[in-house]
Amino acid sequence: YWINALLSGPKTHMVNIMSNTGVVGLSILERSIASRYGRLFSDEAGVELGEALAQVQSLRGGIWDAFRNAGKALRTGQTGFGMNKLEMPRERYISSGTWNMRSDGWVGKGVDGLGSIVNIPGRMLQAEDEFFKTIGYRMELHAQAQRTATRELRDGKITKDGFKARYAELLDNPPEAIRLEAAAAAAYQTFTNEPGKLTRGFMRILSDYPAAKFIMPFVNTPTNILKYTFERTPLAPLTAKYRNAIAKGGADADLARTKMALGTMVMMVGMDLALNGHTTGSGPQNTAEKQNWRRQGNQPYALRLGDK
């Protein structure tokens with residue numbers, strides 16, 4: 001009840017939807033830059049030209065699949081990509097089964113009904129995640145198919161006329177390696193990828209002491225958001241994911257360097273705009289100070305263009 005209550009505000013779901021939408025756009029931009037970045041600094045086979053366009057094309061049919069999967073998750077509470085932001089088992093705690101009641105009795109039906117109502121915010125969050133996981137999966141699937149077909153064409157394994165057929169074949173029956181890459185990308189883009197060693201330790205503590213959930217209801221998602229952010233700052237080399245990508249080389253290294261470079265550039269531009277008064281945040285928290293701040297011509301979350 002407590003965790004679902006925390007998720008019950010519309011703002012929570014808007015933040016989740018908008019952040020995931022932003023990640024989709026950023027992923028395509030990063031892929032596009034990485035395909036050119038690698039050719040400037042490395043002779044290694046990296047991100048292929050056309051992967052970003054393939055990701056865009058995947059949205060055309062992927063959107064409808066995403067809506068279907070999200071609808072199914074909303075109706076049944078079941079998701080197809082493993083861990084979700086709730087960080088809880090899929091079975092409801094408020095249910096006749098949990099309390100060993102007869103599900104066909106009026107008390108059991110009442111408990112199941114209460115559980116269904118309480119679980120609505122969590123189920124909505126699961127549906128949103130399923131929507132964006134489907135999109136993320138399709139995007140990476142198309143990108144990997146484009147990469148594989150392009151390399152096979154370059155190596156002479158297929159002809160130019162057979163490119164489209166090979167691309168379609170990889171989408172219809174992707175090899176295990178491509179499926180795993182796509183599933184990992186779907187989890188990464190929704191911040192629900194598997195927890196690391198330290199995060200697993202915290203989650204075990206919460207499992208052993210459920211009352212701690214009142215203080216720290218979510219662990220894995222905030223940790224993944226921090227990791228995602230760090231990979232796009234000058235601190236990226238401190239993260240294991242960045243170091244592993246660089247050691248692996250090829251497309252992984254191209255993407256890792258692009259994320260760090262692009263994120264750092266955006267951060268520096270944002271800092272420059274803020275320090276020079278061209279953008280504002282929320283403003284002072286104190287009411288009197290905020291009123292005075294507004295009287296000086298400022299407004300929260302604004303961008304100054306000329307004298308406007």
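These figures come from a predicted structure and were not determined experimentally. These numbers come from the heavy atoms of this one structure, side chains and all, not from hydrogens, waters or symmetry mates. By convention here, the first residue in the shown sequence is residue 1.
Between Glu231 and Lys241, none of the side-chain N atoms (NZ, or NE/NH1/NH2) sits under 4.0 Å from a carboxylate O, so this pair counts as no salt bridge. A salt bridge links Arg31 with Glu51; the closest basic N to acidic carboxylate O contact falls under 4.0 Å.
Between the OG1 atom in Thr221 and the CG atom in Leu226 there is a gap of 11.0 Å [rounded to 0.5 Å]. In this structure, OG1 on Thr21 lies 9.0 Å from CG on Asn16, to the nearest 0.5 angstrom. Here CD1 of Ile205 is found 8.5 Å from CE of Met216. Values are rounded to the nearest 0.5 Å. Lys227 contributes atom NZ, which lies 6.5 Å from atom OG1 of Thr223 (distance to the nearest 0.5 angstrom). Rounded to the nearest 0.5 Å, atoms CD1 (Ile225) and CZ (Phe230) are 13.0 Å apart. Ile120 CD1 to Leu125 CG: the interatomic distance, rounded to the nearest 0.5 Å, is 14.0 Å.
Of the possible polar contacts, one joining the Asn224 side chain to the Phe191 backbone as a donor-acceptor pair under 3.5 Å is found. Side chain of His278 to main chain of Gly270: no donor-acceptor pair is present (N/O by atom type, distance under 3.5 Å, no hydrogens or angles). In this structure a side-chain-to-backbone donor-acceptor pair under 3.5 Å is present from Thr190 to Ala186. Between the Thr239 side chain and the Ala236 main chain, a donor and an acceptor come within less than 3.5 Å of each other. Judged by distance alone, with hydrogens and angles left aside, the side-chain atoms of Thr280 form a donor-acceptor pair with the main-chain N or O of Ala302 at under 3.5 Å. Panel note: side chain Asn244, backbone Ala240; a donor-acceptor pair is recorded below 3.5 Å. Of the possible donor and acceptor atoms, one in the side chain of Ser35 sits under 3.5 Å from a partner among the backbone N and O of Ser32.
Closest heavy-atom contact between Gln57 and Tyr167: OE1-OH, 4.4 Å. Heavy-atom minimum distance, Gln55 versus Ala143: CG-CB, 3.9 Å. Contact detail for Pro284 and Lys290: the closest heavy-atom pair is O-CD, 3.3 Å. In terms of heavy-atom proximity, Ile158 sits nearest to Ala149 at CD1-O, 3.5 Å. Scanning both residues, Leu171 and Ala145, for their nearest heavy atoms gives CD2-CB, 3.8 Å. When all heavy atoms are compared, the tightest approach of Pro300 to Ser282 is CB-O, 3.8 Å.
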Exercise. I would like to know whether Ile33 and Leu29 meet side chain to side chain contact (heavy atoms under 4.5 Å, CB included); could you show each step before the answer?
Key: CA-CA 6 Å; Ile33 295 174; Leu29 177 61; 4.0 Å; yes
Quiz prompt | Verdict with reasoning, Ile135 to Leu59, per side chain to side chain contact (heavy atoms under 4.5 Å, CB included) | solution = CA-CA 7 Å; Ile135 287 177; Leu59 299 176; 3.5 Å; yes
Practice problem: Could you check Asn220 against Thr199 for side chain to side chain donor-acceptor pair (under 3.5 Å), going step by step and ending with a plain yes or no? | Solution: CA-CA 6 Å; Asn220 192 50; Thr199 307; 5.1 Å; no
Self-check item: Candidate pair Lys109 and Asp112, rule salt bridge (charged side-chain N to carboxylate O under 4.0 Å, His left out), full reasoning
Solution: CA-CA 5 Å; Lys109 289 180 178 178; Asp112 285 338; over 6 Å; no
Quiz item: Stepwise, does the side chain to side chain contact (heavy atoms under 4.5 Å, CB included) test hold for Leu74 with Gln126?
Solution: CA-CA 7 Å; Leu74 189 61; Gln126 288 177 317; over 6 Å; no
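Taking hydrophobic clusters as Ile, Leu, Val, Met, Phe, Trp and Tyr residues chained together by side-chain heavy-atom distances below 4.5 Å, Leu273 does not share a cluster with Leu305. A single hydrophobic cluster is not seen to contain both Leu235 and Ile246; linkage of ILVMFWY side chains at heavy-atom distances under 4.5 Å, directly or through other members, places them apart. Leu7 and Trp2 fall within the same hydrophobic cluster, defined by Ile, Leu, Val, Met, Phe, Trp and Tyr side-chain heavy atoms under 4.5 Å apart, directly or through other members. A continuous path of Ile, Leu, Val, Met, Phe, Trp and Tyr side chains, each step under 4.5 Å between heavy atoms, connects Leu198 with Val219, placing both in one hydrophobic cluster. Connection of Leu262 to Met268 is not established within any shared hydrophobic cluster, with ILVMFWY side chains joined at heavy-atom distances below 4.5 Å, either directly or through further cluster members.
Side-chain contact between Leu6 and Pro217 is present, with at least one heavy-atom pair separated by less than 4.5 Å. Looking at Met267 and Pro234, their side chains come closer than 4.5 Å, going by heavy atoms from C-beta outward. Counting heavy atoms from C-beta outward, Phe132 and Thr192 have side chains that stay 4.5 Å or more apart. Looking at heavy atoms from C-beta onward, Arg179 lies out of side-chain contact with Gln144 at the 4.5 angstrom threshold. Side-chain atoms of Ile28 and Val56, non-hydrogen and from C-beta on, do get closer than 4.5 Å to each other. With contacts defined as side-chain heavy-atom distances shorter than 4.5 Å, the pair Ser27/Glu140 does not qualify. Looking at Val266 and Arg232, their side chains never come closer than 4.5 Å, going by heavy atoms from C-beta outward. Gln189 is not listed as a side-chain neighbour of Asn20, based on a closest heavy-atom distance of 4.5 Å or more.
By the 30° and 60° cut-offs, the orientation of the rings of Tyr188 relative to Tyr228 is tilted.
Checking Asn69 against Thr134 by side-chain atom types alone, a donor-acceptor pair falls below 3.5 Å. Looking at Asp272 and Asn276, their side chains do bring a donor and an acceptor atom within 3.5 Å of each other.
For the pairing with Glu152, the salt bridge (charged side-chain N to carboxylate O under 4.0 Å, His left out) check across Arg166, Arg147, Lys157, Lys160 returns one residue only, Arg166. Phe131 pairs with exactly one of Trp64, Phe67, Tyr137 by the ring-ring contact (aromatic ring centres under 6.0 Å, His included) rule, that one being Phe67.
For CZ of Phe163, the number of neighbouring non-hydrogen atoms (other residues, nucleotides, ligands) closer than 6.0 Å is greater than 12. With a 6.0 Å radius and a threshold of 12 heavy atoms from other residues, nucleotides or ligands, Lys72 has its NZ atom at or below the threshold.
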